[in-house]
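To start, the structure itself, in structure tokens.
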Amino acid sequence: MDIAIAGATGAIGAAVARVAAERGHGVRTLARSTGVDILDGRGLDHAVRGSDVVIDVLNVRTQSPRKAAEFFQRTTTGLLEAEQRAEIGHHLALSIVGIDRAPYGYYAGKLAQERAVQAGAVPWTILRATQFHDFARQLFERVALGPLHPAIAARTQPVDLTELAVRIVDLAEAGPSGRVPDMAGPREEDLAAMMRAWAAHAGRRAWMPRVPSPGRFGRALRDGSILPGPDAQLGRVTFAEWLEAQPHV
């Protein structure tokens with residue numbers, strides 16, 4: 001199978017590319033580094049031609065609902081139009097658990113992405129997943145205010161990156177399946193505790209008071225809106241097991 005990956009240079013995209021290659025699939029990287037600009041379409045038609053499936057794991061760093069929606073609508077529409085011209089029969093998009101229950105900020109963009117996929121002419125699969133284990137490290141580094149590193153109050157059920165990549169490749173091999181069951185980690189975790197555990201493991205000393213995120217999205221983080229439902233497929237690797245495997249710095 002020939003698999004084109006939009007977002008292959010990111011963490012989940014690189015994991016998907018690795019799993020796909022290990023199974024003997026051909027892998028194409030859709031990125032500026034390979035001469036493909038998904039935002040303006042440069043090189044896209046040539047890059048996807050002959051692929052069996054396009055996997056979209058693109059990401060954008062913004063919490064603006066307008067900017068997120070514009071990004072995902074533009075990139076998704078561009079991908080789908082190129083796929084239609086190339087007569088590709090499968091578009092697989094990675095989304096996030098709970099975006100319809102918490103349609104704020106970045107999640108509003110993911111909702112726009114799903115709607116574009118569902119409205120398009122290319123047969124599709126949408127998989128929603130929870131946050132990755134590495135989310136604790138990312139937040140520690142992003143929300144720093146001088147010596148203060150807020151420990152964000154939230155309920156989450158983080159999933160292992162490699163287990164998610166395996167599921168994505170399984171779905172690529174299965175063909176268009178519509179909206180499939182969500183994927184999450186094996187158990188619910190407290191995000192603030194995750195952030196503090198990562199900091200301790202990494203030897204990062206910081207003042208880390210427990211802080212609730214403001215607004216409707218912050219409330220959704222705390223009330224379980226972003227947790228998976230009972231029909232979700234669960235991975236096996238816990239946050240504690242993932243953390244133990246990380247190098248000390």
Side-chain angles (χ1 to χ4, degrees), residues 6-7 10-13 16 38-39 55-80 91-120 124-143 150-159 161 164 167-168 171 178-185 188-192 194-195 211-235:
I12 183 59
V16 171
I38 298 174
L39 275 172
I55 298 176
D56 182 2
V57 289
L58 286 168
N59 185 32
V60 62
R61 289 282 297 274
T62 183
Q63 287 302 315
S64 163
R66 179 184 61 81
K67 291 181 179 178
E70 288 176 352
F71 174 84
F72 284 112
Q73 286 173 338
R74 185 172 178 180
T75 55
T76 300
T77 299
L79 283 168
L80 292 172
H91 179 95
L92 196 166
L94 177 64
S95 190
I96 306 174
V97 170
I99 57 174
D100 46 354
R101 299 187 296 272
Y104 318 117
Y106 180 80
Y107 280 25
K110 297 300 288 184
L111 263 182
Q113 178 189 28
E114 287 193 6
R115 289 168 180 158
V117 171
Q118 292 166 344
W124 53 271
T125 300
I126 292 175
L127 168 65
R128 290 182 179 180
T130 53
Q131 293 72 32
F132 312 143
H133 290 140
D134 193 47
F135 189 51
R137 178 196 62 79
Q138 294 175 8
L139 278 183
F140 179 89
E141 295 175 350
R142 290 176 187 173
V143 301
I152 306 301
R155 299 170 64 189
T156 183
Q157 196 160 325
V159 66
L161 200 67
L164 177 58
R167 175 89 185 280
I168 290 172
L171 291 170
R179 171 77 187 283
V180 297
D182 298 345
M183 184 162 187
E188 182 180 335
E189 303 279 358
D190 178 78
L191 181 57
M194 288 170 57
M195 293 177 67
V211 176
S213 292
R216 292 177 296 177
F217 186 63
R219 185 164 56 250
L221 292 176
R222 298 187 298 276
D223 68 14
S225 293
I226 65 168
L227 294 176
D231 61 340
Q233 180 173 322
L234 304 183

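Note that these values count all heavy atoms, side chains included, but never hydrogens, waters or copies made by symmetry.
A donor-acceptor contact shorter than 3.5 Å is absent between the side chain of Thr125 and the backbone of Leu92. At distances below 3.5 Å, at least one donor-acceptor pair connects side-chain atoms of Arg74 with backbone N or O atoms of Leu39.
For Ala129, the side chain to side chain contact (heavy atoms under 4.5 Å, CB included) partners at least two apart in sequence or on another chain are Leu94, Leu164. Remark: Arg66 pairs with Glu70 by the salt bridge (Lys or Arg N to Asp or Glu O under 4.0 Å) rule, at least two apart or across chains. In this view, Asp100 and Arg128 satisfy the salt bridge (Lys or Arg N to Asp or Glu O under 4.0 Å) rule, not counting sequence neighbours. By the side chain to side chain contact (heavy atoms under 4.5 Å, CB included) test, Ser225 is found to be paired with Arg101, Ala220, Asp223, residues two or more places apart in sequence or in another chain being considered. Considering only residues two or more places apart in sequence or on other chains, His133 meets the ring pair (Phe, Tyr, Trp, His ring centres under 6.0 Å) condition with Trp242. Taking the salt bridge (Lys or Arg N to Asp or Glu O under 4.0 Å) definition, one finds that Arg219 meets it with nothing, sequence neighbours left out. The side chain to side chain contact (heavy atoms under 4.5 Å, CB included) check on Val211 picks up Pro150, Pro209, with sequence neighbours excluded. The salt bridge (Lys or Arg N to Asp or Glu O under 4.0 Å) test applied to Arg167 returns no partner, not counting sequence neighbours. Every residue meeting the ring pair (Phe, Tyr, Trp, His ring centres under 6.0 Å) condition with Phe140, not counting sequence neighbours, appears here in chain and number order: His149, Trp198. Residues that satisfy the side chain to side chain donor-acceptor pair (under 3.5 Å) test with Ser95, not counting sequence neighbours, are Glu114. For Phe217, the ring pair (Phe, Tyr, Trp, His ring centres under 6.0 Å) partners are Tyr107, not counting sequence neighbours. The side chain to side chain contact (heavy atoms under 4.5 Å, CB included) search around Arg155 returns Glu188, Leu227, not counting sequence neighbours.
Screening Leu171, Val159, Val97 for a side-chain contact (heavy atoms from CB on, under 4.5 Å) with Met183, the sole residue that qualifies is Val159. Checked options Thr62, Leu58, Asn59; the residue passing with Phe71 is Leu58 (criterion: side-chain contact (heavy atoms from CB on, under 4.5 Å)).
Minimum heavy-atom separation, Pro228 to Ala184: CG-CB, 3.5 Å.
A donor atom on one side chain and an acceptor atom on the other are found under 3.5 Å apart for Thr156 and Gln131.
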